[in-house]
Amino acid sequence: MAERRIRITAGAVSAEAVLNDSRTAAAIWSALPLAAPGQRWGEEIYFAIPVKVEPESSRETVEPGDLGYWPPGSAFCIFFGPTPASRGGEIRPASPVNVFGRVSGDATAFTAVRSGTAVQVERA
């Protein structure tokens with residue numbers, strides 16, 4: 001399968017990411033392009049998307065730069081540091097997420113993005 005690359009733009013911040021070969025990634029790829037106001041939760045940006053996917057190898061902790069799909073809220077999540085649920089240095093979503101890709105490069109650039117900023121996701 002050809003590598004599926006996306007571009008995420010939020011205000012002045014733009015980054016590319018690569019999707020993995022999960023069913024979640026395929027469903028999100030099929031729904032692109034997406035645009036919604038992003039919300040911050042600690043060092044995470046999330047926004048609801050019109051994709052419904054069941055939990056798939058869901059993880060309770062993630063790594064900086066991981067892209068996650070949060071099944072309870074049908075949300076696209078960009079993780080770049082600790083959240084209010086984190087313990088110590090871990091990155092912990094509100095509840096388990098399906099990791100479906102990773103930001104290429106330094107995801108901490110998203111620290112500059114505030115709640116309410118429009119986030120666009122498109123094929124790169």
Side-chain angles (χ1 to χ4, degrees):
M1 174 190 292
E3 187 173 71
R4 295 179 291 196
R5 299 188 70 78
I6 61 172
R7 174 160 300 284
I8 304 166
T9 305
V13 177
S14 185
E16 281 201 3
V18 177
L19 303 187
N20 61 29
D21 62 356
S22 66
R23 288 186 318 275
T24 303
I28 291 170
W29 180 257
S30 294
L32 295 176
L34 300 167
Q39 299 301 315
R40 286 284 299 264
W41 193 60
E43 299 297 295
E44 170 192 347
I45 296 170
Y46 69 95
F47 49 95
I49 60 174
V51 173
K52 299 283 186 209
V53 181
E54 295 299 315
E56 177 185 10
S57 302
S58 294
R59 294 176 35 193
E60 292 185 4
T61 60
V62 297
E63 298 298 320
D66 278 349
L67 301 178
Y69 173 81
W70 187 53
S74 299
F76 185 115
C77 308
I78 306 163
F79 296 98
F80 48 94
T83 69
S86 295
R87 300 177 203 134
E90 71 184 9
I91 301 175
R92 184 175 290 271
S95 60
V97 296
N98 301 350
V99 174
F100 65 89
R102 278 194 68 69
V103 171
S104 303
D106 185 5
T108 62
F110 287 101
T111 302
V113 178
R114 301 288 163 240
S115 282
T117 301
V119 181
Q120 296 179 320
V121 183
E122 60 194 353
R123 295 179 184 189

**Asked** Does Glu43 reach the side chain of Ser86, with side-chain heavy atoms less than 4.5 Å apart?
**Response** no
**Message:** Using side-chain heavy atoms (C-beta onward) and a distance below 4.5 Å, is Ile8 in contact with Leu67?
**Reply:** yes
**Request:** State, with a plain yes or no, whether a side-chain heavy atom of Ser57 is found less than 4.5 Å away from one of Ser22.
**Result:** no
**Message:** What I want to check is whether the side chains of Thr24 and Glu56 have a donor and an acceptor closer together than 3.5 Å.
**Reply:** yes
**Fill in**
Between the CZ atom in Phe110 and the CD1 atom in Ile45, the distance rounded to the nearest 0.5 Å is 6.0 Å
**Item:** Atom CD of Glu90 with >12 non-hydrogen neighbours under 6.0 angstrom
**Value:** yes
**Asked** Tell me, do Glu3 and Val18 make a side-chain contact under 4.5 Å, heavy atoms counted?
**Response** yes
**Request:** Determine which pairs satisfy ring pair (Phe, Tyr, Trp, His ring centres under 6.0 Å) with at least one residue from residues 57-80, sequence neighbours left out, and list them in order.
**Result:** Phe47-Phe76, Phe76-Phe100
**Request:** Would you indicate whether the side-chain heavy atoms of Pro64 and Thr108 approach each other to under 4.5 Å?
**Result:** no
**Asked** Quick one: side-chain hydrogen bond (donor to acceptor under 3.5 Å, both in side chains) pairs with a partner in residues 113-124, sequence neighbours left out?
**Response** none
**Prompt:** Mind checking whether Arg23 and Glu54 have side chains closer than 4.5 Å, heavy atoms only?
**Reply:** no
**Distance in Å, Thr9 OG1 paired with Glu16 CD, rounded so as to fall on 0.5 Å steps** = 9.5 Å
